[in-house]
Number of protein chains: 2
Amino acid sequence: MAEKIKVRDRILNVATDLFYRQGYNQTGINQIIAEADIAIGSLYNHFPSKGDLLVAYLEKQEEEWFAAFEHFSKGANTPREKIFRFIDFRIEQQQVSAFCGCPFIKIVAELGQDDDKIHKLVEAHKDKQRVMLQSWFKQLDYEGIDKKLLADNLFLMVEGATISTTISRNTQALESVKKFLRKLL
Amino acid sequence: MAEKIKVRDRILNVATDLFYRQGYNQTGINQIIAEADIAIGSLYNHFPSKGDLLVAYLEKQEEEWFAAFEHFSKGANTPREKIFRFIDFRIEQQQVSAFCGCPFIKIVAELGQDDDKIHKLVEAHKDKQRVMLQSWFKQLDYEGIDKKLLADNLFLMVEGATISTTISRNTQALESVKKFLRKLL
DNA sequence: GTCTATAAGGCGATAGAC
DNA sequence: GTCTATCGCCTTATAGAC
């Protein structure tokens, strides 16, 4: 029991990888069970439907995002350092994923506005990031433009740069945001 | 011949609407021919495959984007006015589409990086918008931050705000960009 | 938990008659 | 251009035996 990963986790790990890289609609149940090396009965034992697997996938991404960022920004002590770590974190995310983009933005683009549960999950995740940025800017010793406005628009820049990064397949856009921010702060 | 829309255009119009609103993968051939009220033979007579229809869809979006913007920004004479019209245009686009997002971003999110032809079409479209912004900033009478850097990052803000707009289902993010820009320029 | 079999339907695409 | 029929494949999901 100690050395092997539980079936549920194996399913979720494989689904996570495939949903993120190939897309949700382009990933079939058969591919998931084949790559996870489990029986189809086991899948439906743990997840009643493919939609439930999608929800579990996004909840896992949500948890892991903040855990990974906390680890990534461990050394940052000042608000200014934290803000720059935020950008660097998203640069790293895109580099290790080979510019696959943001899983939350991707799923919204794929499913549209119909699925309310998914939509609200994404909205909550993005709001949490934005509020986090706002709190750092609030602590910042800076006498310039309205801090909340600056925080909100930096967030939008990073979101746009993430998209741009997946289109151009390089980190140029995210580096440009860093450069811009260095001129402001 | 004068009063009726040609079959090819009827197919493309229906496909455009469905690909944009429902997504490419979630739109089937059968739905297209049903809503366009044409025979399946006619579709494959005009478009050899669904993929060819997708290319035609994006090329049409590309053409129409710049034509529509030219009309929208007709009254703008100064570079500053043109820049603000660019944001207002994208606000209007989201309002009339009920926050469906950007068709180019959506298709990249859906298909990933595999399809090279589609990817390059999107890249070219976004570059064209960015270069357009750069040229207005260049003409701008403004002594602040590096103009090219500012243009690039405004573009990223608008891209991010467009995404944010489809997630929150309101224009708040795009309005925030306008507010931010008014403080800068 | 494993396996195989299969239901029920949608998919893109083709063929042939009119 | 229209129509219907069909191919081969894939999809999600279920059932039953071990």
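We name chains A, B, ... by the order of the sequence lines, and we start the count at 1 in each one.
Within 4.0 Å (heavy atoms only), B:N45 reaches sugar-phosphate atoms of the nucleic acid but no base atom.
Rounded to whole angstrom, the span from the CG atom of A:N30 across to the P atom of D:dT11 amounts to 6 Å. For the pair B:L54 CG and C:dG12 P, the computed distance is 12 Å after rounding to whole Å. In this structure, B:Q31 atom CD and C:dG10 atom P are separated by 12 Å, rounded to whole Å. The separation between B:I40 atom CD1 and C:dG12 atom P is 9 Å, rounded to whole Å. Between the CG atom of A:L43 and the P atom of C:dG1 there is a distance of 11 Å, given to the nearest Å. As rounded to whole Å, 11 Å separates atom P of C:dT14 from atom CD1 of B:I29. One interatomic measurement links the two molecules: CD1 of A:I33 to P of C:dG1, which rounds to 14 Å at whole-angstrom precision. Residue A:I32 contributes atom CD1, which lies 10 Å from atom P of D:dT11 at whole-angstrom precision.
Mapping B:G41 and B:K50 onto DNA chain C by nearest heavy atom places B:K50 closer to the 5' end of the strand. Nearer to the 5' terminus of DNA chain D, by closest-nucleotide assignment, is the contact made by B:D37 (compared with the other of A:N25 and B:D37).
Proximity note for A:Y44 (side chain, C-beta onward) versus C:dA13, D:dA13, D:dC3: the nearest is D:dA13. With D:dG1, C:dA13, D:dT12 as the candidates, the nucleotide lying closest to the side chain of B:V7 is D:dG1.
Ring pair B:H125/B:F66: centre-to-centre distance below 6.0 Å. Aromatic rings of B:W136 and B:F84 (six-membered ring for Trp) have centroids beyond the 6.0 Å cut-off, not under it.
Side-chain contact annotation: A:R169 with A:Q94, donor-acceptor N/O pair under 3.5 Å absent.
A cation-pi arrangement is present between B:K50 and B:Y24, with the terminal nitrogen or guanidinium carbon under 6.0 Å from the aromatic centre and inside a 45° cone about the axis.
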